[in-house]
Amino acid sequence: VQLQASGGGVVEAGGSLRLSCLASMSGRPFSSYVMGWFRQAPAKEREFVAAINDSGVRKIYSDAVKGRFTIFRDNAGRTLSLQMNALKPEDTALYYCAIGRTQATSIQSMSGNPEAVGSWGQGTLVTVSS
């Protein structure tokens, strides 16, 4: 599985950005896997941002982004997205998309255990200026 993230950029505080992640599944069914977004700020550890179940019905978010970010997916287009609104300088980070390790991986395990991630995208940089 290969994940290609895009959409990062520089935005002023209060602005919006949408990140996208296109999956190349090598014959595996994209619609059967949990997907998620993580981020890593300078000099900090990678942290969970949001996850979405295979059908796109169930979603979970970190407290830091709840109410401002929305995760969604297009299974036909094998695309994961993250709509980010009301951006803050503390949202500045390299954002990574991720896919569950197996079809049985849950969104809960994705949020709490890096071992639940099967593959990572290359990261896309988001910079929020104050």
Side-chain angles (χ1 to χ4, degrees):
V1 174
Q2 290 187 329
L3 304 174
Q4 182 70 39
S6 61
V10 180
V11 63
E12 291 185 352
S16 299
L17 277 177
R18 179 176 293 187
L19 307 183
S20 295
C21 177
L22 178 63
S24 298
M25 298 296 294
S26 300
R28 301 178 190 180
F30 177 79
S31 61
S32 295
Y33 287 83
V34 165
M35 299 290 296
W37 288 97
F38 293 74
R39 68 186 183 185
Q40 186 167 18
K44 292 189 177 181
E45 293 187 353
R46 190 176 298 185
E47 65 175 2
F48 168 78
V49 174
I52 186 168
N53 78 326
D54 52 1
S55 67
V57 172
R58 289 186 291 121
K59 309 171 186 182
I60 56 173
Y61 299 91
S62 70
D63 288 343
V65 308
K66 197 175 298 181
R68 300 187 297 120
F69 290 11
T70 302
I71 187 172
F72 56 99
R73 64 191 293 165
D74 172 8
N75 283 343
R78 291 178 285 107
T79 301
L80 174 72
S81 298
L82 185 69
Q83 178 66 40
M84 305 185 295
N85 297 330
L87 282 161
K88 305 174 181 179
E90 52 263 43
D91 294 318
T92 295
L94 197 59
Y95 283 72
Y96 298 89
C97 57
I99 190 168
R101 182 171 294 279
T102 74
Q103 296 183 34
T105 300
S106 69
I107 55 174
Q108 287 80 10
S109 59
M110 178 78 89
S111 70
N113 181 12
E115 294 297 319
V117 173
S119 295
W120 298 93
Q122 86 288 3
T124 185
L125 182 62
V126 173
T127 303
V128 184
S129 61
S130 56

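Keep in mind it's a predicted model, so treat the numbers as computed, not measured. Along the sequence shown, the residues carry numbers beginning at 1.
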**OP:** Mind listing the closest non-hydrogen atom pair of Met110 and Ile99 along with its distance?
**Re:** CE-C, 3.7 Å
**OP:** Identify the heavy atoms of Ala23 and Leu3 that sit nearest to each other, and give their distance.
**Re:** CB-CD2, 3.6 Å
**OP:** Any chance you could measure Arg18, atom CZ, to Asn85, atom CG, to the nearest 0.5 Å?
**Re:** 9.0 Å
**OP:** Please report the shortest heavy-atom distance between Pro114 and Gly112, naming the atom on each side.
**Re:** CD-O, 4.1 Å
Original post:
Should Ile71 and Leu22 be regarded as members of a common hydrophobic cluster, given that ILVMFWY residues are connected when their side-chain heavy atoms come within less than 4.5 Å of each other, either directly or indirectly?
Top reply: no
Original post:
Closest heavy-atom contact between Ala116 and Thr105?
Top reply: O-CG2, 3.7 Å
Throw together a table of side-chain donor-acceptor distances under 3.5 angstrom for residues 117-130, partners on residues two or more places apart or in other chains.
residue : atom : partner : partner atom : Å
Gln122  : OE1  : Ala5    : N            : 3.1
Gln122  : NE2  : Ala5    : O            : 2.8
Thr124  : OG1  : Gly8    : N            : 3.0

Subject >> ring-ring contact (aromatic ring centres under 6.0 Å, His included) pairs, two or more places apart, involving residues 46-67 >> reply: Phe38-Phe48
**OP:** Kindly write out the residues that satisfy side-chain contact (heavy atoms from CB on, under 4.5 Å) with Ile107, not counting sequence neighbours, or none if the list is empty.
**Re:** Val34, Ala51, Asn53, Arg58, Ile60
Original post:
Can you tell me if Asp74 and Thr79 form a side-chain donor-acceptor pair at under 3.5 Å?
Top reply: no
Subject >> With sequence neighbours excluded, residues passing salt bridge (charged side-chain N to carboxylate O under 4.0 Å, His left out) with Glu47 >> reply: Arg39
**OP:** Sorted by first residue and then second, give each disulfide (SG to SG under 2.5 Å) pair with at least one member in residues 100-130; sequence neighbours left out.
**Re:** none
Original post:
Got a salt bridge between Asp63 and Lys66, using NZ or NE/NH1/NH2 to carboxylate O under 4.0 Å?
Top reply: yes
Subject >> Inter-residue atom distance Ser55.OG - Arg73.CZ, 0.5 Å rounding >> reply: 8.0 Å
Subject >> Nearest non-hydrogen partners of Arg28 and Tyr33, listed with the distance >> reply: CD-OH, 3.7 Å
Subject >> Interatomic distance, Arg78 atom CZ to Ser24 atom OG [nearest 0.5 angstrom] >> reply: 6.0 Å
Subject >> Straight-line distance of Lys59 NZ to Thr70 OG1, nearest 0.5 Å >> reply: 6.5 Å
Original post:
Among all residues two or more places apart in sequence or in another chain, which pass the ring-ring contact (aromatic ring centres under 6.0 Å, His included) test with Tyr96?
Top reply: none
Original post:
Leu87, Phe72: one ILVMFWY side-chain cluster at the under-4.5 Å cut-off?
Top reply: no
Original post:
Where is the tightest heavy-atom contact between Leu80 and Gly36, given as atom of each residue plus distance?
Top reply: CD2-O, 3.6 Å
Original post:
Roughly how far, to the nearest 0.5 Å, is CG of Leu17 from CG of Leu82?
Top reply: 10.0 Å
